[in-house]
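Worksheet: one structure, shown below.
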Amino acid sequence: MSTSTIKHPDHIEGVHRPGRWLALSVLVLAVLLVAVDATVLGLATPFLSEDLKPSGTQLLWIGDVYSFVIAGLLVSMGSLGDRIGRKKLLLIGATAFGAVSVLNAYATSPEMMIVARALLGVAGATLMPSTLALIRNLFHDPRERSLAIGIWGAMASAGAAVGPVVGGFLLEHFWWGSVFLINLPVMAVLVLVGIKMIPESKNPNPGPWDLPSVMLSLVGLIGIVYAIKELASHGLSVDAGVAALLGAAALTWFVRRQLTLPAPLLDMRLFRHRGFSGAVLADLLTILGLSGLVFFLSQFFQLVQGRQPLEAGLAELPAAVGAVTAGLIAGLVARRFSVRSVVAGGLAAVGLSLAVLTTIDQNTDYPLLGAALLVVGVGAGFAFTVTADVILSSVPKDQAGSASAVSETAYELGAALGIAVLGSIVTGVYRDFATPAGVSSDIASAAHESLGGAVEASGALAPDTATALVSAAQEAFVDGLRIAAGVGATVLLATAVAAWFLLRGQKLEDGVEH
C-alpha cells in the first residue's frame, strides 16, 4: 500500500467511496418523507376529525405539534449528532420514526394523536440535520457534493408539493392511517442500507452536550413559532404575546450562553461570516415564499375551483418538478456564473411569480397558475440548494451537524412563517366579507372562521342563499390571497437585493478536498 494512501485515507475514500450514491438515495428518501409528513395530514384532517372527533383546539395541535417539535429540536439534535455520531443518531431516529408512525396510524383518541405527532416530530428532528451532515462526510469532492446537496435540497423542497399528491391518492383508496404507514418500508430500507453503506462521522473533540442550552433553544423556537401561528389564526392575543416574549427571552439567553461556553451547542461565531448569515436569511425566505404559496393554492384549487384532493395535489406538481430540476443543476450554474447571481436570481424568480398571482381571480385558468408554480419551484430549487451548499461549505467538517441544523431550522421557520404571516393577511382580509341576508349569526360565525367552514356551513341554507354565501366567501379568500401574494413578492424581491450584497465574493468550493 502506498504512503499517500496511508496519509490521506479520507481523501481517497471520500472521492471514491463505493456505494456513496446508493447511501445518498436512502438519505434523501428520509428527507422527502419528513417533508411529506409535514403536509400530508392536511388532506386527511376531515377523515381524522370524523373518526377521532377532536375539539377545534385539539385539531390545531394535531396539525401543528409536529412542526413545533421539529423546529424546537433541530439545533439540539444537530449538535447531538456531532457528539455521539451522525450515523448512530440517524439510525436511532429512523427506527423511532417507523415505530411512532404506527402509533399515529392507529391512534384511538385526539390526546393519543397529539402525543404521537409530537413523538414523530422528535424522530424527524434527528433525521434531517443528520442527513445533510452525512452528505458532507460522504462526498469530499466539492462538485460531487454540490450535486448531492442539490438532490437533497430538491427532495426537501419537493416534499411540500408531493405531500398533497400522496395524501390524495391514499385517501381515495385507503383509510386516513395509511398516510403514516407509508413511512415503514422507507425507514426499514434506510436502516438496513444505512448500517452497511453509510460511514460514521462525528466531531473528534465535541465537549459535553449542554442540557440548559437544549431547553432554551426548545422553549425559544417553540415559543416564537407558536406565537406566529396564534397571530395568524386569531390575531393579537394575550397567548401570542406571552409566547413571543417567552420565546424571545429564551433565545436571547441561549445566544448569550453559547458565547460563554467552551463547547457551545451552536457556535454563534458562524454568523459573523457574511456568506453564512446571508445564506441562512435567503434559505428562510425562499421557503417562506414556497410554502406559503403551496399552502394557499392548495385551498384555492379545492375550495374555490372545486378540484378533488388528488387533482389539487397534482395541480401543484409543477413546483416540485421545478425544484428538483433546478436543484440538480444549481451547483453547476453557481460555478459557471456566481453564487450571488444564482441565489438572488432564484429569490427574484419566486418574488416575480408571487407578483403574477396578484392578478388571479376565481376563474383564472390553470396554465397561468401552473406556470407560476413551475417558476417558483425553479427559483426555490436554485436558491435553497446553493444556500445549503454555502452553509455547509463555510464551516469546519467537525461542525457539519450544527451547520446543517441551522439550515434545517431556517427551513422549518420559513415554512411556519410562510403559512403564518401570509395566512394572517389572508385570514384578516377574509373575515371582513359581508354575509348575505337571511344567514343566521351561528352560520355567519362559522363561515367567517375559514373558507372550509363557509362551504360546510352553507349546507344548512336554502340553495340560493348557500350559493351567495359561498360566492362571497370565495371572493374574500381570493382578495386575501392576492394581497398576501403582493406582500410575499415584496419580501422576496427585497431579499434578492439583500442576497446580492451579502453573498458578494462567495464561491462554491472547486477541486478536491485534501
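Once rounded to the nearest 0.5 Å, the distance linking CG of Leu332 with CG of Leu147 reads 7.5 Å. Expressed to the nearest 0.5 Å, how far CZ of Phe97 lies from CZ of Phe180 amounts to 9.5 Å. Atom-to-atom distance recorded for Met113:CE and Leu103:CG is 9.0 Å, nearest 0.5 angstrom. Here the CG atom belonging to Leu91 is positioned 6.0 Å from the CD1 atom belonging to Ile195, to the nearest 0.5 angstrom.
Annotation: side-chain contact (heavy atoms from CB on, under 4.5 Å) contacts of Ile92 (sequence neighbours excluded): Lys88. The side-chain contact (heavy atoms from CB on, under 4.5 Å) test applied to Ala344 returns Trp500, not counting sequence neighbours.
Side chain of Thr358 to backbone of Ala355: a donor-acceptor contact under 3.5 angstrom is found. For Ser277 (side chain) and Arg274 (main-chain N/O), no donor-acceptor pair under 3.5 Å exists by modelled atom type.
A pairwise comparison of heavy atoms in Gln258 and Ser213 identifies NE2-OG, 2.8 Å as the closest pair. Of all the heavy atoms in Ala330 and Gly381, the pair that sits closest is CB-O, 4.4 Å. Here the closest heavy-atom approach between residue Gly351 and residue Ala489 is recorded as O-CB, 3.2 Å. Residues Asn183 and Ser101 come closest through the heavy atom pair ND2-OG, 2.8 Å. Closest of all the heavy-atom pairs between Val350 and Ala380 is CG2-N, 3.6 Å. The nearest pair of heavy atoms linking Ala227 to Ala240 is CB-O, 3.4 Å.
For the pair Leu190 and Leu29, the minimum side-chain heavy-atom distance is 4.5 Å or more. At a threshold of 4.5 Å between non-hydrogen side-chain atoms, the residues Val122 and Met77 count as touching. Taking 4.5 Å as the limit, every side-chain heavy atom of Leu357 sits out of range of all side-chain heavy atoms of Leu481. Using a 4.5 Å cut-off on side-chain heavy atoms (C-beta onward), Ile182 and Val186 make no contact. With contacts defined as side-chain heavy-atom distances shorter than 4.5 Å, the pair Leu90/Lys87 does not qualify. Proximity of Thr387 to Val339: side-chain heavy atoms (C-beta onward) are nowhere separated by under 4.5 Å. Using a 4.5 Å heavy-atom cutoff, the side chains of Ile135 and Leu24 are in contact.
Using the six-membered ring where Trp is involved, Phe276 and Phe271 have ring planes that are perpendicular, over 60° apart on the 30 and 60° scheme.
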Original post:
Which is it for Asn104 and Val100 under the side-chain contact (heavy atoms from CB on, under 4.5 Å) test, yes or no, and what are the steps along the way?
Top reply: CA-CA 6 Å; Asn104 277 264; Val100 177; 3.5 Å; yes
Original post:
Given Glu144 and Leu138, is the side-chain contact (heavy atoms from CB on, under 4.5 Å) satisfied, shown in steps?
Top reply: CA-CA 10 Å; Glu144 276 198 351; Leu138 273 169; over 6 Å; no
Subject >> Phe382 and Leu347: CA distance, side-chain angles, deciding distance, side-chain contact (heavy atoms from CB on, under 4.5 Å) verdict >> reply: CA-CA 9 Å; Phe382 275 131; Leu347 289 163; over 6 Å; no
**OP:** Any chance you could lay out the side-chain contact (heavy atoms from CB on, under 4.5 Å) test for Val69 and Arg117, step after step, and finish with the verdict?
**Re:** CA-CA 9 Å; Val69 174; Arg117 288 286 288 166; over 6 Å; no
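For residues 251-260, the set of pairs meeting the salt bridge (Lys or Arg N to Asp or Glu O under 4.0 Å) definition, not counting sequence neighbours, comprises Asp210-Arg257.
Met215 CE: 12 or fewer foreign heavy atoms inside a 6.0 Å radius.
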